[in-house]
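Here is how names work: the chains are called A, B, and so on, in the same order as the sequence lines, proteins then strands, and each is numbered from 1.
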Protein chains: 2
Amino acid sequence: MTEHKADPGAAVLSPAPAEAKRRSRQSGRVTLAAVARRAGVSLMSASNAFRCPEKLRSDTLARVQTAARELGYIPDVLAGTLASGQSPVVGVLLPTMRNSSFERYLSGLRRAARETGRRIILSFADSPESEAEAVETFIGLRVGGVVLIGGDHSPGTLQLLRQTATPFIETWLLPADAGKGVGYDAAAAMTAMTGLHLQAGRRVLALIDHDGALAARYRLRRPAFEAAVAAVPGARGIIHPVGATDSFSEGAAAMAAILAQAPQVRAVICPTDIIAAGALFECQRRGLRVPQDIAISGWGNYEISGQTLPALTTVALDAEAIGHAALLRLMPGSGETCPAQDTGFQILRRDSA
Amino acid sequence: MTEHKADPGAAVLSPAPAEAKRRSRQSGRVTLAAVARRAGVSLMSASNAFRCPEKLRSDTLARVQTAARELGYIPDVLAGTLASGQSPVVGVLLPTMRNSSFERYLSGLRRAARETGRRIILSFADSPESEAEAVETFIGLRVGGVVLIGGDHSPGTLQLLRQTATPFIETWLLPADAGKGVGYDAAAAMTAMTGLHLQAGRRVLALIDHDGALAARYRLRRPAFEAAVAAVPGARGIIHPVGATDSFSEGAAAMAAILAQAPQVRAVICPTDIIAAGALFECQRRGLRVPQDIAISGWGNYEISGQTLPALTTVALDAEAIGHAALLRLMPGSGETCPAQDTGFQILRRDSA
DNA sequence: GGCACTCGCCCTAAAACCAGA
DNA sequence: GTCTGGTTTTAGGGCGAGTGC
């Protein structure tokens, strides 16, 4: 069936122009209608084949599926979302790539997405502005939900989510948005970690404390540290704040600063394994022995923590479980019971402390 | 204007049901129509205010903008894409989170996106299946383009992209898809790196070679290594393959295996800085001095490479530039001249080799 | 500057079809 | 041949915005 552009002048007379115009706007992609035509069923049956397969007789269903496969049909999520008002897409916002826990977190999210037929898209944001921007992109895409890390979000971000009634969930920390979040008890972990150093007989402890924007996932730790130190007579705690960027060089610089300020420090608690590794490298450069001269502990059980010499004592948390539970909890309609919200943690004692 | 759900029983009698039905399907979100109403302009003017502002008188424009801000209007990208057939969203596919070059790559992409008014969504894929799945999600979302890393993609992935006529670009390596890709010359970098070890007088060199799925971004290196070694009389090259997972422990294991197999090895060229750091840690554990006993070089100039002791000699590449150029090249319509496709590299000599 | 139509799909309602009882 | 119950079709109206006239 050949067809050329209709002469605009003849438009009124010929039946063709409407047809031609329609064609010109079509994307050329395989549509559901094409699948239906090929399978010899109605549009509705084709639609139902994807949406509620149980409504079709199995042979009809098979016909549609075959046709879809043969044609290479990929559902237009946009059109579906627009029409139904429901999107299978979940937007996940990560603060940084540098935290290897997030890799496991993501695989938990992916597993849950596979289980519930959802699709995940990602974005990274390390500042309030980029966070709001990313969330706006998600909302513009009319995602079905948004998964956030930490409880520290720019007012703009939260307002956007709320005013558009986009379901979202905050993860990683407890207590998060009461009854909704998924995470572990960072304060308890800090209490345990500080206790470990104290029980080893160390009395002058330093805490490297992340601050800055979007650093709320560290915020619960400091009070727990201070309380634990205060509970032991003769113990002293030093707080050294660092910027929110997680890097080896920050760890090295922090270690240098702490040693300059308080040479008698015997243990350094780091907010991440990256910082801890950086601090360890700095000690190596100075010829300080770890843990004999000074103990170092990290946080997060990143892969590197098991590989440095000495290996790093750290806090292991179940990022995979957090991710998995987060997605399931995001949409109550899943029909599944909501998993427990506390995914726990574990102090992983290795050689550095 | 209060309104409650219409009583289903009364549906037939009341004039409300149609209205109620309509309402029930509406998202409740702020639409362009609402903005137009509030600004007292037609729907078209409101649309134009965003799409081609120059078509409006400035006071009309301002009225629309004010109304949009007051209402908290967020354009429905879905509807816009569906209607126009063009999407401002670009899907970026990353192989892994562990490569800190990708962070810079991403910021280049983001900068370009900001410059051209596009939006970026991300996905990670480390296997052919997850790659195809991610690309399918992008295509289902009818993204305007897809940015890929490396030239090694599952046939399914490429076929999907081609059959749906989705614009895409392969980055990172040269020569990529001739005339379209953006990247650096990995073979030349390997030649230079091998030369560095040879010039230092080392004659038994080992290459740790990534293989496995999706590892094409390493594939050009080995022949260059072999050629460089062959060109120097008395030099010998050992190839040690490792799986595609980029981890410290892989590096450590590879180093152990190489030492067992060829104790006389004097230099090890690693495919990434992570592997190199892992290899270095293994040497430390064995009391081998780097670089006196054995030289190690990495690849990628990840942050860790400057922090270990000794710091790692590595290949620095301009990931930011790759990302930036990739997005600009993806859509020729940008009106900008396409930047050069070779973003170059640099051998960063530090202490480990 | 505005009207009518379109993008691809969803959804409701009601009618049509197809067994078997 | 009518009734029944499940399956499929027909018809039409959206969803929110862009496009051609």
Side-chain angles (χ1 to χ4, degrees), chain A residues 5-6 8-9 11-12 17-37 39-61 63-64 68 73-88 139-142 164, chain B residues 8 11-12 17-37 39-52 55-57 60-61 64 68 73-88 139-142 164:
Chain A
K5 278 207 159 31
V12 210
E19 176 89 350
K21 190 165 59 183
R22 172 151 10 102
R23 285 240 190 284
S24 77
R25 283 191 59 182
Q26 268 168 351
S27 64
R29 296 232 173 106
V30 180
T31 70
L32 188 59
V35 174
R37 224 174 299 128
V41 302
S42 75
L43 189 59
M44 272 321 302
S45 298
S47 175
N48 283 332
F50 292 93
R51 204 136 310 285
C52 14
E54 70 281 4
K55 281 193 175 177
L56 297 190
R57 247 188 7 232
S58 59
D59 59 331
T60 322
L61 180 58
R63 274 223 311 287
V64 176
Y73 171 66
I74 299 181
D76 188 327
V77 178
L78 270 62
T81 301
L82 187 59
S84 71
Q86 287 186 306
S87 172
I139 293 178
L141 247 18
R142 299 297 188 256
T164 57
Chain B
V12 211
E19 177 89 350
K21 190 165 59 184
R22 171 148 11 98
R23 285 241 189 282
S24 77
R25 284 192 57 184
Q26 269 169 353
S27 61
R29 298 235 171 108
V30 181
T31 70
L32 228 204
V35 174
R37 223 174 300 128
V41 303
S42 76
L43 186 60
M44 282 323 305
S45 302
S47 175
N48 283 331
F50 292 93
R51 201 137 312 283
C52 13
K55 280 192 176 176
L56 297 189
R57 266 204 335 254
T60 322
L61 180 58
V64 177
Y73 171 66
I74 298 181
D76 188 327
V77 178
L78 269 64
T81 301
L82 185 58
S84 70
Q86 288 185 307
S87 172
I139 293 178
L141 247 18
R142 299 300 188 254
T164 56

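One atom, CZ of A/R29, and another, C1' of C/dC9, lie 15 Å apart when rounded to the nearest Å. When the C1' atom of D/dC15 is taken as reference, atom CZ of A/R142 falls 11 Å away, rounded to whole Å. Protein atom CG of B/L32 is 14 Å distant from nucleotide atom P of D/dC15, rounded to whole Å. Between B/L82 atom CG and C/dC5 atom P there is a gap of 18 Å when expressed in whole angstrom units. With rounding to whole Å, A/R37 atom CZ is found 14 Å from D/dT9 atom P. The distance between atom CD1 of B/I139 and atom C1' of C/dG8, rounded to the nearest whole Å, is 16 Å. For A/I74 and C/dG8, the CD1 to P distance is 14 Å, given to the nearest whole Å. Across the protein-nucleic acid pair, A/K55 atom NZ and D/dG5 atom C1' stand 15 Å apart, rounded to whole Å.
Only A/S42, A/M44, A/S45, listed by number, bring a heavy atom of residues 42-51 of chain A to less than 4.0 angstrom from any atom of DNA chain D.
Checking the phosphate oxygens (OP1, OP2) of D/dT8, a side-chain nitrogen or oxygen of A/T60 falls inside 4.0 Å. OP1 or OP2 of D/dA17 lies within a sub-4.0 Å distance of a side-chain N or O belonging to B/Y73.
As judged by a 4.0 angstrom heavy-atom cut-off over every strand, A/V41 is placed among residues touching the sugar-phosphate backbone only. Heavy atoms of A/G80 sit under 4.0 angstrom from primed sugar atoms or phosphate atoms, though from no base atom.
Once rounded to the nearest 0.5 Å, the distance linking OG1 of B/T164 with OH of A/Y73 reads 13.5 Å. In this structure, CG in A/N48 is found 9.5 Å from CG in A/L43, a value given to the nearest 0.5 Å. Distance CD1/A/I139 to CG/B/D76: 11.5 Å, rounded to 0.5 Å. Atom CG of residue B/L56 and atom CE of residue B/M44 lie 9.5 Å apart, to the nearest 0.5 angstrom.
When all heavy atoms of B/S87 and B/R142 are compared, the pair lying nearest together is CB-O, 3.2 Å.
The side chain of A/R57 lies closest to D/dT7 when the candidates are D/dT7, C/dC10, D/dA17. Here D/dT19 is the nucleotide among C/dC7, D/dT19, C/dC10 with the atom lying nearest to any side-chain atom of B/S84.
Under a 3.5 Å cut-off, the side chain of B/S84 and the backbone N or O of B/G80 do form a donor-acceptor pair.
For B/P88, the side chain to side chain contact (heavy atoms under 4.5 Å, CB included) partners at least two apart in sequence or on another chain are B/V77, B/T81.
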